[in-house]
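Proteins get letters first, then strands, A, B, ... in listed order; numbering begins at 1 in each. Computed over heavy atoms, backbone and side chain alike; hydrogens, waters and symmetry mates excluded. Values in this document were obtained by computation on a predicted structure and should not be read as measured data.
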Number of protein chains: 4
Amino acid sequence: MITKPHDHYREDIPGRADVADTPELLDYYAQLDALKTGALWTVANKIEPWHPKSASVPTLWRYRDLRDHVLRSVDLVTPEKAGRRVIYLNNPGRQDVSAAVGWLYSGLQVMRPGEAASAHAHSASALRFIMEGSGAYTVVDGHKMTLGVNDFVLTPNGTWHEHGVSAKGSTCIWQDGLDIPLVNSMEAGFYVVHPELRQAVTHPVDDSTATWGGVALRPQIHGAAGTWTKNYSPLFKYEWAPTYDALQRMASLGDSNPFDGTLMHYVNPLTGGPVMPTIGASMQLLRPGEHTLAHRHTGSFVYQVAKGRGFSIINGQRFDWQERDIFCLPSWMFHEHANASTTEDACLFCFHDLPVMQSLGLYREEALAENGGRQPVA
Amino acid sequence: MITKPHDHYREDIPGRADVADTPELLDYYAQLDALKTGALWTVANKIEPWHPKSASVPTLWRYRDLRDHVLRSVDLVTPEKAGRRVIYLNNPGRQDVSAAVGWLYSGLQVMRPGEAASAHAHSASALRFIMEGSGAYTVVDGHKMTLGVNDFVLTPNGTWHEHGVSAKGSTCIWQDGLDIPLVNSMEAGFYVVHPELRQAVTHPVDDSTATWGGVALRPQIHGAAGTWTKNYSPLFKYEWAPTYDALQRMASLGDSNPFDGTLMHYVNPLTGGPVMPTIGASMQLLRPGEHTLAHRHTGSFVYQVAKGRGFSIINGQRFDWQERDIFCLPSWMFHEHANASTTEDACLFCFHDLPVMQSLGLYREEALAENGGRQPVA
Amino acid sequence: MITKPHDHYREDIPGRADVADTPELLDYYAQLDALKTGALWTVANKIEPWHPKSASVPTLWRYRDLRDHVLRSVDLVTPEKAGRRVIYLNNPGRQDVSAAVGWLYSGLQVMRPGEAASAHAHSASALRFIMEGSGAYTVVDGHKMTLGVNDFVLTPNGTWHEHGVSAKGSTCIWQDGLDIPLVNSMEAGFYVVHPELRQAVTHPVDDSTATWGGVALRPQIHGAAGTWTKNYSPLFKYEWAPTYDALQRMASLGDSNPFDGTLMHYVNPLTGGPVMPTIGASMQLLRPGEHTLAHRHTGSFVYQVAKGRGFSIINGQRFDWQERDIFCLPSWMFHEHANASTTEDACLFCFHDLPVMQSLGLYREEALAENGGRQPVA
Amino acid sequence: MITKPHDHYREDIPGRADVADTPELLDYYAQLDALKTGALWTVANKIEPWHPKSASVPTLWRYRDLRDHVLRSVDLVTPEKAGRRVIYLNNPGRQDVSAAVGWLYSGLQVMRPGEAASAHAHSASALRFIMEGSGAYTVVDGHKMTLGVNDFVLTPNGTWHEHGVSAKGSTCIWQDGLDIPLVNSMEAGFYVVHPELRQAVTHPVDDSTATWGGVALRPQIHGAAGTWTKNYSPLFKYEWAPTYDALQRMASLGDSNPFDGTLMHYVNPLTGGPVMPTIGASMQLLRPGEHTLAHRHTGSFVYQVAKGRGFSIINGQRFDWQERDIFCLPSWMFHEHANASTTEDACLFCFHDLPVMQSLGLYREEALAENGGRQPVA
Ligand SMILES: [Fe+2]
Ligand SMILES: [Fe+2]
Ligand SMILES: [Fe+2]
Ligand SMILES: [Fe+2]
Ligand SMILES: [Fe+2]
Ligand SMILES: [Fe+2]
Ligand SMILES: [Fe+2]
Ligand SMILES: [Fe+2]
């Protein structure tokens, strides 16, 4: 019997596996294999790496490259046949699971005035970030939200939801962010089409922000509806105007975070925690000329440039970005961000899996010690 | 030996104590008394009442009655001698503990431009609600907050704090709300005068709102300061403008709470919970002509009329109020609120001990069942 | 008009009130009084003390003094008339509220074989600690618990409960511990007699310990009963044998707490927190000859000697105790405990209001710095 | 250019993607691919399945098959070269990630008297369940635990740990359970070898159970050590005797869970939550003749038979097991368990990723509706 070698992960370091193949061992390995087992020392160094090595590749998707293709889908497929007209971002290292980075999916969806997608529910959690157009709306469990550029909306795990564009609006493009790859990898994905393909709007339009969108305020709601028992935010829409206002006020204090500039996490106002258990989101302002220091941490991140232009350096590779571009940051890669303008601020929207990292106790962080905290660019 | 009677709490109800005095029992009671004990059945019905009977009296303090007296204190005492020039509200049923209602203290403080009170710390928790004047400020642990009318500020348990009015401002009057009676009754009151009678302002002015006052946003703060471990809100100032704006937006949804109109609780943005562990606060809007239904619940409440005019009915007694008046609601008394205007909304600020009721599991609530849910007025 | 003096709390210390009475001020105070107000500076130093001064008096109740009086109540009153035959501990400083110390009530209850008290519910929280006799039982919401000496049982806020002694048992005496004074002071006391004066036992006897009394184990319970939403422990009975066993094992590690010896808090196994939101309980072992160091903290404590003999020094006063004696520790008094035996361990059961102190953020603690950490005895 | 077909996931159902390939579309797909993107409708039905389809295969590993191979590793490799002598379970569907099921790793480790593995730390969380032998011990962060059959011990994320067998013991075999595949898939794996390959034992042996292993008791620990801030249990060892005792007592109540028999989750005694954030563990007793009803839920489970014999039916396939056998249950497969003995109870130890499912909001459960709740066996 010919067996492939089993000793290519050897490390000559005390405390690590370092067993050379022998004919006797190879025979033993074959016997183990027949019993649906293996010898740990043949894979230990592989499955217990010294530090994370992401399968994802840092990638920038330029909006000027994608926009026409996104719009062209309008002519190529109908919403009825396609379900949704979406071009998804396919990280070269994660094509098997259709992920933009790590276990996060992202896509660009287009919809014409008067169109609407069919209502459904799934155990993936989702958010939408509006990139262009007017008249977009989303309905979540009977709550209708109108959406403008740089707003984002949640459609959490298990909610009935649907998207549309008002007949009076213009063609809209937005970014979808979901944890589909994560939910699939956890073998926990369920999908249901709404029995009527539409849901009724059972609350006043934009009641979610009118109710939950105050500054450090919790509404007193009468009766059973007053007790929110879901594990996601009751605030479904986060608007750009108050977010940008808050970032500007914080930035004006003059003392920004060396690694993040001025960064605000969107939170569940009932708990102060992330908007959903599996996806967090933030908006980050870089002041004119600001260039952050490099650090790295676990977690996967998808950025969209909400305002301005600049560049990011990820593991020594420079990515120049401008408004509407999208780029991703894989786990445990050094990164730093810079605003290329000396007069205008730049803003980066981001969604990520930090809530997962934190729930599971897997978050770690490290500043770059060398080179004054800045990466040399390859 | 002559003993006073011991049987005045008898109730002729199965399950309740109903023991008549006898000479033998009175003798027994005297022996127990000598041993620092007593017979439970002599007091059981007193100490286990069927429902709460508050020692506090519903009371309205009209600002037009108090304002001159408050201002007169400026001429009568110096800040140095008085510590603070405050006229406190003395509930007729709680004079022994200087409480406005229940275990809550409240007072009206006056300060002239250029004055400041000395810095100190105490285990009582406090808040200030600005009633009139410009230029007021508070410093809490090195954070300076500028304060306008209808703003309120926290000075939590254990923080160094001081109040002042800018030399460019005008004479200011504000309402203090504290849990001094509660903390004393819990035998947990500590007080420290700042060694220098002043504290340094170590952060940019109003950094607390610039940092924590966003809409459903949590700042990413670098280093140790990023982990807030206190049991009170890091947002110290709650401003009137965004609060009133949020109330108006929620009221515009058209569907208010039958017992509370449109009511928002001020919360700790990090947790969604109360601003401090012992004192909660809320702002409530009554739409033109709105008249709520009556209910009762445990907890003690001090209201200040932030806007408009109307009346409240408390246990059948009507209290007419207008802007700046203060009134209190004792525990387990039926209450309903009405806006007397048919064109303007009315707003009631309130601070209360609901966080205590909830932490201790003592909150209960009951709607008035009779009379269409409205109290007959005595 | 003659007014009593208002300046007896003056302190000649910067930052404290120090206003002398004048005729003009006394006149002013009278006007304020008529408006149900007062001048803060006349009471500020009283209501903002430098540190807590408990109204309670450290007191020891010797069981040999009380036992006969407790038993005598059996002949003096019937359970039907008395409700319960209980001799309560009446702290000299708290007679107005029938408290043993602070806001805690305690009493000794006696019951003969075959007797049972009527079922009822109240918003006070209670526990029972068995002192002598066999056959005692308690029923809480349909769960019947059999009780032996040094066991204790919860009857939390809002539960239907009743106590009895089996016809095959012997006369039992137990200690009741309740937060009646606290609940009354919070104006939140409700009382209901069970409509049938008896409740059905709807679960197997002692199912509470069989279900929840494992070592670091949580039962998987099917259906709605699997979700416990109460704010108190689902484990109602805490037995002596496993508690003493745990204390002995921990004591055998050789390294006890300098201030508490070997102390275990009884906890809600679902949360690790206190057994009820307003009352905590602990059992403490002092090794032969052990004498703890003195410290003081906020909170009120009622101790019962579960085993052995020794003494405690409270604010310089020595209290010698032996099995079944009860003593109390008021807030912020220095205390140290000593086991008088050099061969046997001693155990102190204790219930207290630490959960209240901690929920409300009022806990503080301080070691005695002088004299090697031991108090001189007066 | 020849492109492979893109339409093999079509579903002819409203709300699902159903787009047929055309030359124009295939050309479009090629252009998208060049931009690191794709058309969602080509993969939507694949990545949004109707319900989970596990990649893992239900598998039983018989101990009588494995034991000799495990022991043989002692002769084949040294601990120095192998690191640890472990035969890992290699689920046929998960060989790429060396998982027993889902994202869970498991292996059988053998160690001779006097041997010890080198100390290290990693971000994978681990537990050990002792299968045979005496004298086994584990050291975690300076705490040494002695281990007997059916005991299990935690070595949580980030702790220094090492395993050994006392020179006076016998050859030991235990089961390792880790979340290595999960941590790798989350790209969060770190590994450190202890600088001295050994750690000092800095606490009394078995202090963890002596301190934290009481029944519903929390030790009062002095100083900084009294505040446990880790996200895993301070109790590291869970012993068989008290666990089996608790199961027997609960089983004696007569009313077991229809789907789980009598099942207890091992918990963190400080929180009542799972022992570690990523791995939960339970022990389950099936009474003589007990046969549970079938249900399915998300999550992956590895069972070891701690006592007795019986069978489980997983998605219609019957697996007969006896003491020390191991089997796995993949996500969303129907399962039921039966005790084959009519006189002895049977016990199943299990570790699983339910804490992950619950943190991430991905837990779902469904009873089998048909066939009286029992699966037909294929
Ligand atoms: Fe969706
Ligand atoms: Fe970062
Ligand atoms: Fe103060
Ligand atoms: Fe109310
Ligand atoms: Fe009672
Ligand atoms: Fe103490
Ligand atoms: Fe390890
Ligand atoms: Fe199951």
Side-chain angles (χ1 to χ4, degrees), chain A residues 14-19 25 28 32 35-41 43-44 47-52 54 59 65-66 69 76-77 81-84 86-90 92 98 102 107 118 120 122-123 157 180 184-191 193 197 231 277-278 298 331 356 359-362, chain D residues 14-19 25 28 32 35-41 43-44 47-52 54 59 65-66 69 76-77 81-84 86-90 92 98 102 107 118 120 122-123 157 180 184-191 193 197 231 277-278 298 331 356 359-362:
Chain A
R16 298 287 278 185
D18 187 24
V19 177
L25 280 172
Y28 178 63
L32 292 180
L35 294 165
K36 300 173 184 166
T37 60
L40 176 60
W41 57 87
V43 296
I47 68 177
E48 299 189 318
W50 296 99
H51 56 74
S54 181
T59 305
D65 294 339
L66 300 188
H69 287 88
L76 287 171
V77 291
K81 281 293 181 188
R84 292 140 295 171
V86 179
I87 306 312
Y88 71 92
L89 308 179
N90 209 4
S98 304
S118 57
H120 60 275
H122 41 64
S123 45
N157 175 348
I180 285 176
N184 286 337
S185 82
M186 292 292 127
E187 304 186 330
F190 296 85
Y191 193 93
V193 174
L197 298 179
N231 60 4
T278 51
T298 50
S331 186
V356 176
S359 293
L360 305 188
L362 296 174
Chain D
R16 298 287 279 186
D18 186 25
V19 177
L25 279 172
Y28 179 63
L32 291 180
L35 292 165
K36 300 173 185 168
T37 60
L40 176 60
W41 58 86
V43 296
I47 68 176
E48 298 188 320
W50 296 99
H51 56 75
S54 182
T59 305
D65 295 340
L66 300 187
H69 287 88
L76 287 171
V77 291
K81 281 293 181 188
R84 294 141 292 174
V86 179
I87 306 312
Y88 70 93
L89 308 180
N90 208 5
S98 305
S118 58
H120 60 274
H122 41 63
S123 45
N157 175 347
I180 285 175
N184 286 337
S185 81
M186 293 292 127
E187 304 185 331
F190 297 85
Y191 194 93
V193 174
L197 298 179
N231 61 4
T278 51
T298 50
S331 185
V356 177
S359 293
L360 305 188
L362 297 174

Side chain, backbone, both or neither: which part of [X] has an atom under 4.5 Å from a heavy atom of chain D?
{"X": "A:L35", "result": "both"}
{"X": "A:A82", "result": "both"}
{"X": "A:V43", "result": "side chain"}
{"X": "A:V77", "result": "side chain"}

Determine the option with the most heavy-atom pairs under 4.5 angstrom with chain A, choosing from [options].
{"options": "D:I87, D:L89, D:L197", "answer": "D:I87"}
{"options": "D:A44, D:G83, D:S54", "answer": "D:S54"}
{"options": "D:G38, D:A188, D:P277", "answer": "D:G38"}
{"options": "D:S185, D:P92, D:A17", "answer": "D:S185"}

- Query: Is A:N157 reaching over with its side chain to a backbone N or O of D:G361, donor-acceptor style, under 3.5 angstrom?
  - Reply: yes
- Under 3.5 Å, side chain of D:S331 to main-chain N/O of A:E187, donor-acceptor pair present? yes
Taking the side chain as every heavy atom from C-beta outward, state whether [X] and [Y] have any atom pair closer than 4.5 Å.
{"X": "D:Y191", "Y": "A:H51", "result": "no"}
{"X": "D:Y88", "Y": "A:I47", "result": "no"}
{"X": "A:V356", "Y": "D:L360", "result": "yes"}
{"X": "A:F190", "Y": "D:L362", "result": "no"}

- In this structure, CZ of A:R16 is separated from NE2 of D:H120 (nearest 0.5 Å) by 9.5 Å
- Interatomic distance, A:L40 atom CG to D:I180 atom CD1 [nearest 0.5 angstrom]: 7.0 Å
- Item | Closest non-hydrogen atom pair, A:H69 against D:Y28 | O-OH, 2.5 Å
- Taking all non-hydrogen atoms of both residues, which atom of D:G15 and which atom of A:S118 are closest, and how far apart? CA-OG, 3.5 Å
- Side chain, backbone, both or neither: which part of D:D18 has a heavy atom under 4.5 Å from chain A? both
Closest-packed option against chain D by number of heavy-atom pairs under 4.5 Å, given [options]:
{"options": "A:P49, A:S123, A:G107, A:P14", "value": "A:P49"}
{"options": "A:N231, A:L32, A:D65", "value": "A:L32"}
{"options": "A:N184, A:V86, A:L66, A:T59", "value": "A:V86"}

